[in-house]
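Bear in mind that the values here come from a model prediction, so they are computed numbers and not experimental data. Every heavy atom of this structure was used, including side-chain atoms; hydrogens, water molecules and symmetry mates were not.
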Amino acid sequence: MPEGHSVHRIARQFAVNFVGTAPEVTSPQGRFAQGAALLSGREMTDARAVGKQMFLEFAGGHWLRVHLGIYGAWDFAGDVRVDASIQIHGQTPGHSKLGQTGEYSRPYQARPLDRDAEDSVTSIGAPRRSRVRMAESDRASDASAEFPPEPVGQVRVRLLNDRVCADLRGPTACEVLTPAEVDAVVLKLGPDPANANTPEERERFVARALRKKTPIGLVLMDQSVIAGIGNVYRAEMLFRAELNPHTPANAIDRTVLESLWDDWAHLLQIGITVGQMITIDGLTGEAYQRALEERDERHSVYKLEGTPCKRCGTNIVLEEFGARKLYWCPGCQS
């Protein structure tokens, strides 16, 4: 499931490429035809993310809410401009043309480096290998291919202006909301430090966590307590804090919870900027490049079960926890 950093990157791509334009909105698949007809031809006036959910505002008081869920993903094609605040493989781009499947034209040649395709700016969401199963075909095309490209697979919604096309496949939620309905959704979500990293928002997280008797390993995944954290960040943040995932949240010292918020703000900003969930600090040079290319080089415990902890040597364990896989070190997190 895409975590908060990916959704913020997507929102920034919409801000750069669609806000201020009046895109044609269609539903090639047909399942969003009514909503598409309501939005098509209206100016997009805002694009924002809260946790794992994205909201696109259109003129006339209409909002498109998208939650990618486990299998959802956006693909951008055409003359795509990349937001200046985000990077491709550690380099900040200015502007590049991109093909249908998210491959860059020169000079960047920025095919996803790792197996999960986390780093792609133009193909963001569920890993490519998952989406291939959902599509009829997924052939590469260069930037000079016909624009707009033919829809590939089950495209729920397509947004198209004169230079950029964005296709959405496999979302959990895709609906048109009123401003009041958007407010109601956002009020149910916990704070998101990418939107407001303030003492007030940190306190809102701490207060909500302290009301929970459930284990902190579940509370960090509760989007009503704190927004955007998924399985990867959950495991890595608990390791970095040397916290046992089974500790009741209300038994944790307030200062530790405050530190968890600060660490989430730190890691989230890295994820938004770099496009990778890099959770090991201090990586430079070749070590940093390896972290971009290999998942195991950028994490301490996630999917490293059975291997020695990089800090204490105890074998990392894997257990089922709240219907999800939990990775942790019994030595460091006892």
Does Leu218 share a hydrophobic cluster with Leu318, counting links as ILVMFWY side-chain heavy atoms below 4.5 Å and allowing steps through other members? no
May I ask you to check whether Glu319 and Trp328 show a side-chain donor-acceptor distance below 3.5 Å? yes
Under the salt bridge (Lys or Arg N to Asp or Glu O under 4.0 Å) rule, what do Arg204 and Glu201 come out as? Steps first, then yes or no, please. CA-CA 5 Å; Arg204 188 155 70 99; Glu201 290 295 88; 2.8 Å; yes
Within a reach of under 6.0 Å around CZ of Arg31, are more than 12 heavy atoms found that belong to other residues, nucleotides or ligands? no
Under the ring-ring contact (aromatic ring centres under 6.0 Å, His included) criterion, do Trp74 and Phe14 qualify, and how do the steps go? CA-CA 11 Å; Trp74 283 100; Phe14 273 102; 4.8 Å; yes
Can you confirm whether the side chains of Arg163 and Asn17 place a donor and an acceptor under 3.5 Å from each other? yes
Side-chain ion pair, Arg311 and Glu242, N-O less than 4.0 Å: yes
Distance alone, cut at 3.5 Å: any donor-acceptor contact between the side chains of Gln154 and Arg169? no
Is it the case that the side chains of Thr279 and His299 hold a donor-acceptor pair, with the cut-off being a distance below 3.5 Å and no angle test? yes
Taking the basic N atoms (NZ, or NE/NH1/NH2) and the acidic carboxylate oxygens, is any pair closer than 4.0 Å for Arg208 and Asp222? no
Distance in Å, Thr21 OG1 paired with Arg42 CZ, rounded so as to fall on 0.5 Å steps: 14.5 Å
May I ask you to check whether Glu24 and Ser40 show a side-chain donor-acceptor distance below 3.5 Å? no
Would you say NZ of Lys310 has more than 12 non-hydrogen atoms from neighbouring residues, nucleotides or ligands within 6.0 angstrom? yes
Distance check, rounded to the nearest 0.5 Å: Leu39 atom CG versus Gln34 atom CD? 11.0 Å
Looking at the rings of Trp63 and Phe58, which for Trp means the six-membered one, are their centres under 6.0 Å apart? no
